[in-house]
Amino acid sequence: MNNLPRICWTTSAIIALAGMLWGLHMAISGDHSNFPAHAHLNLLGWVSLALYGTYYHLAGITRLLIARLQVLLAIPGSIIMGVGIAIAHQTGAEELAKLGSLMVIVSAALFVAITIMRPLRINTGN
(Lines give C-alpha, C1' and ligand atoms only; values in the text may rest on other atoms or scores of the structure.)
Protein backbone atom coordinates (compact mmCIF):
# COMPACT_ATOMS: atom_id res chain seq x y z
CA MET A 1 0.00 0.00 0.00
CA ASN A 2 2.37 2.70 -1.21
CA ASN A 3 -0.07 5.03 -2.90
CA LEU A 4 -2.88 5.83 -0.50
CA PRO A 5 -4.57 8.48 -2.65
CA ARG A 6 -4.90 6.07 -5.56
CA ILE A 7 -6.16 3.27 -3.32
CA CYS A 8 -8.75 5.60 -1.77
CA TRP A 9 -9.91 7.01 -5.10
CA THR A 10 -10.10 3.64 -6.87
CA THR A 11 -11.96 2.01 -3.99
CA SER A 12 -14.22 5.06 -3.78
CA ALA A 13 -15.11 4.72 -7.47
CA ILE A 14 -15.83 1.00 -7.12
CA ILE A 15 -18.06 1.59 -4.09
CA ALA A 16 -19.81 4.46 -5.90
CA LEU A 17 -20.64 2.17 -8.81
CA ALA A 18 -21.85 -0.55 -6.43
CA GLY A 19 -23.99 1.99 -4.58
CA MET A 20 -25.48 3.29 -7.81
CA LEU A 21 -26.28 -0.23 -8.98
CA TRP A 22 -27.90 -0.94 -5.60
CA GLY A 23 -29.94 2.24 -5.96
CA LEU A 24 -30.97 1.25 -9.48
CA HIS A 25 -32.04 -2.16 -8.20
CA MET A 26 -34.16 -0.51 -5.52
CA ALA A 27 -35.75 1.79 -8.11
CA ILE A 28 -36.53 -1.04 -10.53
CA SER A 29 -37.91 -3.32 -7.82
CA GLY A 30 -39.85 -0.54 -6.12
CA ASP A 31 -38.49 -1.73 -2.78
CA HIS A 32 -36.66 1.15 -1.12
CA SER A 33 -36.46 -0.47 2.30
CA ASN A 34 -32.65 -0.58 2.19
CA PHE A 35 -32.19 3.11 1.42
CA PRO A 36 -30.51 3.81 4.80
CA ALA A 37 -27.87 1.14 4.08
CA HIS A 38 -27.48 2.42 0.52
CA ALA A 39 -27.01 5.98 1.81
CA HIS A 40 -24.41 4.93 4.38
CA LEU A 41 -22.47 2.96 1.78
CA ASN A 42 -22.43 5.90 -0.61
CA LEU A 43 -21.58 8.50 2.01
CA LEU A 44 -18.92 6.56 3.86
CA GLY A 45 -17.60 4.45 1.01
CA TRP A 46 -17.73 6.89 -1.85
CA VAL A 47 -17.55 10.36 -0.39
CA SER A 48 -15.38 9.78 2.68
CA LEU A 49 -12.83 7.63 0.85
CA ALA A 50 -12.59 10.17 -1.97
CA LEU A 51 -12.01 12.93 0.59
CA TYR A 52 -9.38 10.87 2.40
CA GLY A 53 -7.60 10.25 -0.90
CA THR A 54 -7.73 13.94 -1.80
CA TYR A 55 -6.29 14.95 1.57
CA TYR A 56 -3.51 12.38 1.33
CA HIS A 57 -2.69 13.57 -2.18
CA LEU A 58 -2.60 17.24 -1.21
CA ALA A 59 -0.59 16.51 1.95
CA GLY A 60 1.83 14.25 0.07
CA ILE A 61 1.00 11.30 2.32
CA THR A 62 1.59 8.01 0.55
CA ARG A 63 3.29 5.71 3.06
CA LEU A 64 2.59 7.00 6.57
CA LEU A 65 1.87 3.96 8.78
CA ILE A 66 -1.04 5.54 10.68
CA ALA A 67 -2.59 6.57 7.35
CA ARG A 68 -2.27 3.01 6.04
CA LEU A 69 -4.04 1.76 9.15
CA GLN A 70 -6.72 4.43 8.74
CA VAL A 71 -7.42 3.32 5.16
CA LEU A 72 -7.30 -0.37 6.13
CA LEU A 73 -10.09 0.33 8.62
CA ALA A 74 -12.09 2.76 6.45
CA ILE A 75 -12.51 0.55 3.39
CA PRO A 76 -13.83 -2.66 4.99
CA GLY A 77 -15.57 -0.66 7.73
CA SER A 78 -17.62 1.25 5.17
CA ILE A 79 -18.62 -1.91 3.34
CA ILE A 80 -19.34 -3.90 6.50
CA MET A 81 -21.40 -1.05 7.92
CA GLY A 82 -23.50 -0.67 4.74
CA VAL A 83 -24.15 -4.39 4.44
CA GLY A 84 -24.66 -4.67 8.19
CA ILE A 85 -27.33 -1.97 8.18
CA ALA A 86 -29.16 -3.80 5.39
CA ILE A 87 -28.99 -7.06 7.33
CA ALA A 88 -30.10 -5.33 10.54
CA HIS A 89 -33.07 -3.82 8.73
CA GLN A 90 -34.10 -7.18 7.25
CA THR A 91 -33.39 -9.49 10.19
CA GLY A 92 -32.80 -7.37 13.28
CA ALA A 93 -29.25 -8.75 13.65
CA GLU A 94 -27.09 -5.68 14.28
CA GLU A 95 -23.67 -7.24 14.88
CA LEU A 96 -22.20 -6.41 11.44
CA ALA A 97 -23.56 -2.88 11.54
CA LYS A 98 -21.98 -2.39 14.95
CA LEU A 99 -18.64 -3.82 13.83
CA GLY A 100 -18.59 -1.66 10.70
CA SER A 101 -19.57 1.40 12.72
CA LEU A 102 -16.75 0.81 15.17
CA MET A 103 -14.25 0.42 12.32
CA VAL A 104 -15.46 3.63 10.68
CA ILE A 105 -15.31 5.58 13.95
CA VAL A 106 -11.76 4.41 14.70
CA SER A 107 -10.80 5.24 11.12
CA ALA A 108 -12.27 8.74 11.49
CA ALA A 109 -10.41 9.26 14.78
CA LEU A 110 -7.16 8.23 13.10
CA PHE A 111 -7.89 10.67 10.28
CA VAL A 112 -8.36 13.47 12.81
CA ALA A 113 -4.97 12.58 14.32
CA ILE A 114 -3.38 12.58 10.86
CA THR A 115 -4.79 16.00 10.00
CA ILE A 116 -3.36 17.35 13.25
CA MET A 117 0.04 15.69 12.75
CA ARG A 118 0.30 16.51 9.04
CA PRO A 119 -1.79 19.63 8.31
CA LEU A 120 -2.17 20.83 4.74
CA ARG A 121 0.16 23.63 3.72
CA ILE A 122 -1.70 25.36 0.93
CA ASN A 123 0.36 27.88 -1.02
CA THR A 124 -1.85 30.84 -1.81
CA GLY A 125 0.79 32.54 -3.92
CA ASN A 126 1.42 35.35 -1.43
Side-chain angles (χ1 to χ4, degrees):
M1 190 181 306
N2 62 3
N3 193 341
L4 290 175
R6 180 176 178 206
I7 290 166
C8 289
W9 290 330
T10 301
T11 305
S12 170
I14 292 167
I15 290 175
L17 180 59
M20 290 175 196
L21 290 172
W22 193 3
L24 179 63
H25 171 72
M26 287 190 297
I28 291 170
S29 70
D31 179 4
H32 295 88
S33 62
N34 280 322
F35 84 87
H38 161 76
H40 276 81
L41 181 66
N42 280 333
L43 181 61
L44 296 171
W46 179 24
V47 178
S48 294
L49 284 171
L51 290 173
Y52 295 151
T54 301
Y55 185 88
Y56 291 148
H57 175 74
L58 293 173
I61 297 172
T62 59
R63 295 178 186 255
L64 186 65
L65 183 59
I66 190 173
R68 290 179 185 185
L69 179 59
Q70 187 268 327
V71 170
L72 283 173
L73 287 169
I75 293 171
S78 299
I79 295 167
I80 291 168
M81 185 176 182
V83 171
I85 290 171
I87 290 170
H89 180 60
Q90 299 296 324
T91 68
E94 298 179 343
E95 292 77 16
L96 278 180
K98 290 175 182 178
L99 174 63
S101 297
L102 181 60
M103 293 171 75
V104 167
I105 289 169
V106 172
S107 172
L110 289 173
F111 188 70
V112 168
I114 292 163
T115 62
I116 291 168
M117 292 180 342
R118 300 279 299 267
L120 286 179
R121 306 277 190 243
I122 299 176
N123 184 355
T124 60
N126 295 331

Supply the atom-to-atom distance [X] [atom1] to [Y] [atom2], rounded to the nearest 0.5 angstrom.
X    : Y    : atom1 : atom2 : value
M103 : I105 : CE    : CD1   : 12.0 Å
R118 : Y56  : CZ    : OH    : 10.5 Å
I66  : M117 : CD1   : CE    : 4.5 Å
I75  : I15  : CD1   : CD1   : 7.0 Å

Quiz item: Given a cutoff of under 4.5 Å between side-chain heavy atoms of I, L, V, M, F, W and Y, with clusters grown through shared members, what are the other residues clustered with I28?
Solution: L24
Practice problem: Could you work out the complete set of other residues in the hydrophobic cluster of L21, with links drawn between I, L, V, M, F, W and Y side chains under 4.5 Å apart? | Solution: L17
Practice problem: Find out if a path of hydrophobic residues (ILVMFWY) with successive side-chain heavy-atom gaps under 4.5 Å connects L99 to L44. | Solution: no
Quiz prompt | Verify same cluster id: L120, I116 (apolar side-chain graph, 4.5 Å) | solution = no
Quiz item: Taking all non-hydrogen atoms of both residues, which atom of S12 and which atom of L49 are closest, and how far apart?
Solution: CB-CB, 3.9 Å
Practice problem: For T115 and Y55, work out which heavy atoms get closest and say how close. | Solution: CA-OH, 3.4 Å
Donor-acceptor pairs are to be reported for all side-chain atoms of residues 80-93 against protein atoms at under 3.5 Å, with residues two or more places apart or in another chain.
{"from": "H89", "atom 1": "NE2", "to": "S33", "atom 2": "O", "distance (Å)": "3.1"}
{"from": "Q90", "atom 1": "NE2", "to": "N34", "atom 2": "OD1", "distance (Å)": "3.4"}
{"from": "T91", "atom 1": "OG1", "to": "I87", "atom 2": "O", "distance (Å)": "2.8"}
{"from": "T91", "atom 1": "OG1", "to": "A93", "atom 2": "N", "distance (Å)": "3.1"}

Exercise. Can you sort out the partners of V106 under side-chain contact (heavy atoms from CB on, under 4.5 Å), two or more places apart, ordered by chain and number?
Key: L73, L102, L110
Self-check item: Contacts of A18 that satisfy side-chain contact (heavy atoms from CB on, under 4.5 Å) - sequence neighbours left out
Solution: none
Self-check item: Verdict with supporting geometry, T11 and V71, side chain to side chain contact (heavy atoms under 4.5 Å, CB included)
Solution: CA-CA 10 Å; T11 305; V71 170; over 6 Å; no
Self-check item: N/O donor-acceptor pair under 3.5 Å between S48 side chain and G45 backbone
Solution: no
Quiz item: Taking the side chain as C-beta and beyond, is there a heavy-atom pair between V104 and H40 under 4.5 Å?
Solution: no
Please list, chain by chain and in numerical order, all residues satisfying side-chain hydrogen bond (donor to acceptor under 3.5 Å, both in side chains) with [X], sequence neighbours excluded.
X   : value
H38 : N42
S78 : none
W9  : T54
Y52 : none

Quiz prompt | Candidates I61, T10, T62, L58 - the one meeting side chain to side chain contact (heavy atoms under 4.5 Å, CB included) with P5 | solution = T62
Quiz item: Is it the case that more than 12 heavy atoms not belonging to H25 sit under 6.0 Å from its NE2 atom?
Solution: no
